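Bear in mind the structure is a predicted one, so any value in this text is a computation, not a measurement.
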Amino acid sequence: MAAKIMICDDDEGILDLLELILTDEGYQTVPELNSLNIASKVQKEQPDLLVLDLWMPVLSGDQVLRTLRNNAKTSNLPVLVISASTDGKAIAMNAGASDFIAKPFDLDLLVGRVKNLLKAA
Amino acid sequence: MGKIQSITILDSLHQGQFTFSSNTSKEDFDLLKQALDAAISGVIITDNQQPDNPIIYCNKAFETITGYSRREVIGHNCRFLQQEDRNQVARETLRNAVAKGESCVVELRNYKKDGTLFWNELYMSPIKDAEGKVCYFTGVQNDITRRKQAEEELRTDKAKMERRIEERTRSLRESEEYLNSIVQTVRESLLVLSPDLKVLSVNDHFMKSFKVSREETEGRTLYDLGNGQWDIAELKNLLEQILPTNNPVIDFEVSHDFPHIGKKLMLLNAHRIELEGQYKDRILIAIEDITDRRAIEQRKDDFLSIASHELKTPLTTIKGYIQMISKLTAESQDAKLKGAVEKTNAYVERLNGLISELLDVSRIQSGKIELHKAPFDFDTMVKESVEALQHANLSHKVVVTGATNCSFTGDESHITQVMTNLLSNAIKYSPDSHEVEVHLSRVSNFLKVAVTDHGVGIPRDEQAKIFERFYRVSSIQQRFPGMGIGLYLCAEIIRNHGGSLWVESEVGRGSVFSFTLPLDEKGEGDGR
């Protein structure tokens, strides 16, 4: 069965793009625009990987990440953070990200990292 | 009394027939005459019983002083000694004394026979007969020219001195006013404290900034000002601990929440000041309010971060779709389509680079570049940078030789940026070549990277300038577009990591950009 990847970004364009890339690679995707819904949706959907943006309104990606890491059920979920923020990598790694890619990203790089994370999990 | 008679009397005096009193002997008279001739003061006698008070006697000294001989003196009124210089106040005094038959002392400007001026200090006293009638006047004169000159010199010297003191005082006051106007105008708060921390003076800007008046400030102890709002622990430490050690306090940042004016971020500079003989151990404190400046800097940084983030978000989508298109058209035989996709991708990369550079420049300028240091495999980083670039530039082959075999502790994203920048420069500035070389090595406790191209090269006189911000080599400005930021950033990044970046180049032959980075003492990477 194809791995299930949850994608969360407040920008619809990027959300669409990520869905297109990942479905094209044969993954099942669950998109989410609102960061407030992630925690509950992760519980419900039980994805194999979460692709997460950092700068989002109300609840930032690193806040979401910390919540997930503090919950026993989601503490081991592989999370790939993708951000256009210059200090994004440090913030993401501090909050417990499994990996980081800067925006704009290289398509092959993204696919490669996703594969690696799923393999490791 | 007739004229003939007066001449008779004069002659009789000359011939020793004149008697002062009925019982003066001829011997006595001769003795007196000789005594008078021996005196150094000029002595004359005028006869007030004759018209115009003629001189009836003068001694030798009178002749010596005036240069006139007896013959030219006897029978004349004294005024001939003033020649044309008649308008003298002293003459009035003299006239009055003669008229009243009183004695007087005057200083007259008299003239010798040869016309030279001499100051005559003249004692005139009347000689009266038994009934008290004034018959004669004796005049004793002394040449006081030298004394007068000395007095005059003294007077001019004194006047000169006074004038000079006045000038000095005025210029001192002017320069004090000048300095004071500077002190009052300067847009920095200044206050001077006594050794026991009482406020001696403050400038206008201090009063304006901290909303206090001079009255409620000067003479008070610093800590008591404005309900103790200056009772700041850091400031106390500074004034009581640091300053007594004779060290000036430079750019000491203090943040304090003032009850009335709110939170202020201040830069303090303090010095002990001393003016020899006047005061010592005073403390001058300069306070610069940097609250607004910091806020503006922060806003600028925030703005640039947001702008960069917001610009990159749609760019991410564009880049993603272009890559999708590139993938979908991989099988296509349409060279035009493939070329268009490739070019679009390259220009998106360039736009992305520009956005990142602008943000980085702003950060470096405000000195706030943050290094996120972590150990990373240096050779892998180089390999990845080369691959990424090779991917987008098919025109050149990037050849990597050597190895550092190092794990380097530094900001990987920054070092990657340097690699990418040097590589894309090498490609960009060697349009007629097809190869760029990267050589990796370990030199002592440094790792070294050299990027070699066979391109246009850089003139010798411009080689040092290319690392300056916004500098563009003049000869290539038209041919190769760019902002002149890349190498400046590279140099800053390498410098921030304790390394150095330099260039060796020859016009028409190409350039070698090299940088070194220090490895820590533990010799990280050894034995890999």
Side-chain angles (χ1 to χ4, degrees), chain A residues 7-27 29 31 33 35 51-57 60-62 80-97 99-114 116, chain B residues 301-302 304-328 330 341 345 347-353 355-364 368-374 376 384-385 387-392 411-414 416-417 420:
Chain A
I7 314 158
C8 186
D9 198 307
D10 63 319
D11 186 277
E12 230 175 322
I14 290 185
L15 207 59
D16 286 349
L17 173 71
L18 287 170
E19 269 202 273
L20 180 65
I21 295 168
L22 296 174
T23 47
D24 199 49
E25 290 294 321
Y27 299 112
T29 55
L33 268 170
S35 58
V51 176
L52 184 67
D53 183 27
L54 276 186
W55 279 27
M56 288 182 286
S60 67
D62 52 309
L80 172 61
V81 172
I82 305 182
S83 171
S85 162
T86 37
D87 38 12
K89 188 171 184 177
I91 293 169
M93 290 317 196
N94 274 333
D99 205 349
F100 175 87
I101 296 178
K103 283 181 188 169
F105 49 81
D106 187 86
L107 203 143
D108 294 338
L109 188 75
L110 173 78
V111 172
R113 299 284 178 94
V114 166
N116 284 342
Chain B
D301 285 353
D302 288 351
L304 278 161
S305 290
I306 294 166
S308 141
H309 185 270
E310 293 309 298
L311 288 169
K312 280 187 173 185
T313 300
L315 200 67
T316 304
T317 316
I318 295 168
K319 185 176 163 155
Y321 282 113
I322 290 165
Q323 289 178 95
M324 289 294 288
I325 294 168
S326 171
K327 244 172 98 179
L328 295 171
V341 172
N345 201 17
Y347 282 92
V348 166
E349 271 311 315
R350 200 167 125 205
L351 187 55
N352 183 35
I355 294 165
S356 304
E357 277 180 7
L358 274 180
L359 186 68
D360 287 344
V361 167
S362 139
R363 292 206 167 174
I364 284 174
K368 280 168 91 180
I369 189 148
E370 273 179 56
L371 295 179
H372 300 290
K373 289 193 177 178
F376 64 91
E384 280 173 4
S385 306
E387 273 170 13
L389 226 91
Q390 189 71 82
H391 199 73
D411 190 314
E412 186 176 358
S413 68
H414 280 125
T416 305
Q417 198 179 333
T420 309

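At a threshold of 4.0 Å, the pair Lys103(A)-Glu310(B) does not count as salt-bridged, since none of the basic side-chain nitrogens sits closer than that to a carboxylate oxygen.
There is no contact between Glu384(B) and chain A, counting heavy-atom distances below 4.5 Å. Looking at Ile306(B), the atoms closer than 4.5 Å to chain A (heavy atoms on both sides) sit in the backbone and in the side chain alike. For Asp11(A), the part lying near chain B is the side chain, with the backbone staying farther off; criterion is any non-hydrogen pair under 4.5 Å.
Among Asp53(A), Leu109(A), Leu17(A), the residue making the largest number of heavy-atom pairs under 4.5 Å with chain B is Leu17(A). When Gly320(B), Ala374(B), Pro314(B) are compared by the number of non-hydrogen pairs under 4.5 Å with chain A, Gly320(B) comes out ahead. Of the listed residues Lys312(B), Glu412(B), Glu349(B), Lys319(B), the one with more heavy-atom pairs under 4.5 angstrom with chain A than any other is Lys319(B).
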May I have the step-by-step check of side chain to side chain contact (heavy atoms under 4.5 Å, CB included) for Asp24(A) and Met324(B), ending in yes or no?
CA-CA 10 Å; Asp24(A) 199 49; Met324(B) 289 294 288; 4.2 Å; yes
Let's go through Trp55(A) and Ser305(B) carefully: what are the C-alpha distance in whole Å and the side-chain angles of both, what is the deciding distance for side chain to side chain contact (heavy atoms under 4.5 Å, CB included) to 0.1 Å, and is it a yes or a no?
CA-CA 11 Å; Trp55(A) 279 27; Ser305(B) 290; 4.2 Å; yes
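Across all non-hydrogen atoms, the minimal contact from Leu315(B) to Pro104(A) is CD2-CG, 4.1 Å. The minimum heavy-atom distance between Ser85(A) and His309(B), with the atom names listed, is N-CD2, 3.7 Å.
Between Tyr321(B) and Asp16(A) the shortest side-chain heavy-atom distance falls below 4.5 Å.
A donor-acceptor pair is defined here as one N or O able to donate and one able to accept, closer than 3.5 Å; no such pair exists between the side chain of Gln323(B) and the backbone of Asp108(A).
Distance OG1/Thr313(B) to CG/Asp10(A): 7.5 Å, rounded to 0.5 Å.
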